[in-house]
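Comments concern the structure below.
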Amino acid sequence: MIEWFVTLQVIVACAAGILCIVLGLVGRLPGDVSMGAVALVEVLLLVQLVIAIIAPAAGNPPSGSLAEFYIYLISAIILPLAGGFWALVERNRWSTVILGGVCLAIAVMVYRMGQIWFVQGA
Amino acid sequence: MTGVGRVLVFVYGVLALAATGRSVFQIIDRFHEAPVAFTLSGLAAVVYIVATVALIAPGRVWYRVAWGTISFELAGVLIIGTLSLFAPAVLGLHDIDPFGRDATVWSVYGMGYLFIPLVLPVLGMLWLRKHRPIEPVQDATSGAAS
């Protein structure tokens, strides 16, 4: 895991989450902006997955449990797919709010992943 | 499931996922460290899953199940939250750090989960009160007995 990338990811996920919740509360249906924000969060998670696969071999092992780390990462990768799918199936303002909730949940999970990698057991 | 209720279901789903993921890992990785706390953690996870399903599924039976599971959660977070603060030894906890190795969803009233486990059952109950299941037609005329 790369520390600045974790920070970037948490900031982007928080921003995307707040954006989607505000868009939803003002009555917007899931659209290019909200779905795009969620897609960006998902792409960053996939980059994180690649980093996590390579890092231990490149002399950057996690200080905590790698298994616990992957439980968080895999769940986080599934969340936007589930939320996005639901948003497409049932389009209303609350699905936009839920997309925001997905992003905020991911922000917390990425923060926890950072703790597991850098702090836990160190 | 329409409107703001979907957000409630979503938050329940995320909490169910979080509780399940963490408790499964704790039970596989270090069950012997705090068996009582981790068993409760697993139980809480199952109850969150059932509550999520009960909120989505229609009908009177699921409505009762939703009430039962959500009440159980509120009792759980209050009882376990209090025990984790004042008598952690009862749960076999080594410390009361809500973010630590022994932490469960309900430790310190769900502090490790932004107090969502404390707030969510209350919101769930308010929502259930406003959304009673639709009575079958023959029941609607039979008076206030039910």
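Computed from heavy atoms alone, side chains included, the values below leave out hydrogens, waters and symmetry copies. Each chain gets a letter, A, B and so on, in the order its sequence line appears, and its residues count up from 1.
- Separating the CG atom in A/L79 from the CZ atom in B/F10 is a distance of 6.5 Å, to the nearest 0.5 Å.
- In this structure, B/I79 is a member of the same hydrophobic cluster as B/L15, with clusters built from ILVMFWY side-chain heavy atoms closer than 4.5 Å.
- If you measure heavy-atom distances from B/V14 to chain A, the contacts under 4.5 Å come from the side chain alone.
- Contacts between A/A105 and chain B at a heavy-atom distance below 4.5 Å involve the side chain alone, from C-beta outward.
- For A/L23, the side chain to side chain contact (heavy atoms under 4.5 Å, CB included) criterion is met by A/L19, A/R28, A/V33, A/S34, A/T96, not counting sequence neighbours.
- A/M109 and A/F118 fall within a single hydrophobic cluster, where Ile, Leu, Val, Met, Phe, Trp and Tyr are joined by side-chain heavy atoms under 4.5 Å apart, directly or via other members.
- Residue A/R91 places its CZ atom among more than 12 non-hydrogen atoms of other residues, nucleotides or ligands, all under 6.0 Å distant.
- Residue pairs satisfying the ring-ring contact (aromatic ring centres under 6.0 Å, His included) criterion with at least one member in residues 24-69 of chain A, sequence neighbours excluded, are listed as follows: A/F69-A/W117.
- Of the atoms belonging to A/I98, heavy atoms from both backbone and side chain fall under 4.5 Å from chain B.
- Residues B/F25 and A/S65 approach most closely at CZ-OG, 3.1 Å, considering heavy atoms.
- When all heavy atoms are compared, the tightest approach of A/W94 to B/V7 is CE3-CG2, 3.6 Å.
- Contact detail for A/R112 and B/R22: the closest heavy-atom pair is NH2-NH2, 3.6 Å.
- Residue A/I71 holds its CD1 atom at 7.0 Å from CD1 of B/I28, rounded to the nearest 0.5 Å.
- Connection of A/V110 to B/L114 is established within a shared hydrophobic cluster, with ILVMFWY side chains joined at heavy-atom distances below 4.5 Å, either directly or through further cluster members.
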